[in-house]
Asks: 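Mind having a look at this structure? Questions to follow.
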Amino acid sequence: MGRKLARFVQTTLVLAAILFGYTTVSDSEFDLWKGQFKTLAVAQGIRAETVDLAFRGLLPDSKVLRLDSKQPEFTKTVWEYLESAASKERIAVGQDRLREYAPLLDRLYVQYGVQPEYLLAIWGLESDFGRFTGRHSTIRSLATLAYAGNEERRDFWGKQLLSALRILQHGDMSLVTMRGSWAGAIGHTQFIPTTFEEYAVDFDGDGKRDLVNSIPDALASTANYLAQSGWERGKPWGEEVRLPPQFDWSKSDPNYWLPTETWASENRVALADGTLLSGTGTDWAFLFLPAGYRGPAFLAFHNFNIILKYNNAQNYALAVGYLGDRIRGKPALLGTWPHDEEPLNHTQKAELQALLTAAGYSTDGIDGRIGPNTRAALRRWQMDSGFPADGYATQEHLSFLRKEATEPPAQ
Ligand code: CA
């Protein structure tokens, strides 16, 4: 190949990489990396044969890198998310599974204390009850990501890859059976390898923890994870509630916990159907408003926070709780969602964070994701600006913050 042509090809490849947003990967570089990773793995006590077997003929997966570099621009509202997470069809399948797996689920309840419906809800959300456990080879995905994934997360992927190699070496799963999501989550309940190592259990007694081919192993592993994280046996995750008019919205804060009876007596909080809060005794709870003060309200108990340890997203925890309740036969929510509100997209969320931070309400980072720190900063700003302090970001807040940033402060 002439030098000009070579340069042209190289430029085209670099351009393609920039345009398609992923790193081009040369096999020889990857081979070099595999050699270095093997040294690291062996130094950590993994046998050279295990690494050789896992890495033999292994090529990076460009599809995984494309998925890793994708930024979600449009995000679902919580009501759109709940509608698909707890669809009629999923509730019906969950109820079928509840009957089908009753003996297993009862045994799991005795041993781990997690109600069957919430195990089913997690199974339904993670893999649609095993219909979509993922076909990506865990080793290949993790090796690709540890080698050329998002730079900030490469150490994390490397740790997961070491963990996957140990699982392989331990004999729980084989190179062929260890499969899951593009991001390395394995099987029915999508355990990442380090979670697998720490919490997976062999419940069907064949000597192997297999989260792809054994439903008893997968569900028991989830129950064990929740139990080890502090799940309170048989306790609810939350209750939909009704709030009195002129409520002090600043009390809807995940750090503000009160005994249920105090919510009822001093704050006049009732169950959504208007009946008295009861049955949960003196359990402590915080007030959770997933779509702000205009949407449904919940008292969230200790077990809600345990679901967050499984997946640290409030909407996920809500979906697990709600889907589980529906599988158990509870009615749909009574509160209405603010359907007229246009959700903030990723860019707008980042702009809101930047404006809040510039105004002296630090969101502790600007990443376009609304987490606990952003909600806390927004709540402080809402209080100072005369908005209901519900910590829920809207287009109205963004417009207001933009205006504040361009106008000189009032004299
Ligand atoms: Ca097993």
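One-based numbering along the sequence shown. Whatever order the structure lists ligands and atoms in, that order sets their numbers, starting from 1.
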Asks: For N/O/S atoms only: which one belongs to Asp206 and is nearest the Ca ion (ligand 1)?
Replies: OD1
Asks: Kindly give the atom name of the N, O or S atom of Asp217 closest to the Ca ion (ligand 1).
Replies: OD2
Asks: Measure from the side-chain N and O atoms of Trp257 to the backbone N and O of Pro254, and report whether any donor-acceptor pair falls under 3.5 Å.
Replies: yes
Asks: Might you confirm whether atom CG of Asp155 has over 12 heavy atoms from other residues, nucleotides or ligands at distances under 6.0 Å?
Replies: no
Asks: Tell me whether Gln353 contacts the main-chain N or O of Thr374 through its side chain, where contact means a donor paired with an acceptor under 3.5 Å.
Replies: no
Asks: Is there side-chain contact between Leu226 and Tyr310, with heavy atoms separated by less than 4.5 Å?
Replies: yes
Asks: In Asp204, which N, O or S atom comes closest to the Ca ion (ligand 1)?
Replies: OD1
Asks: Between the Ca ion (ligand 1) and Asp202, is there an N, O or S atom separated by less than 3.0 Å?
Replies: yes
Asks: Looking at every non-hydrogen atom in both residues, tell me the closest pair between Ala200 and Ser221 and how far apart they are.
Replies: CA-OG, 3.3 Å
Asks: Please state whether the separation between the Ca ion (ligand 1) and some N/O/S atom of Lys208 is under 3.0 Å?
Replies: yes
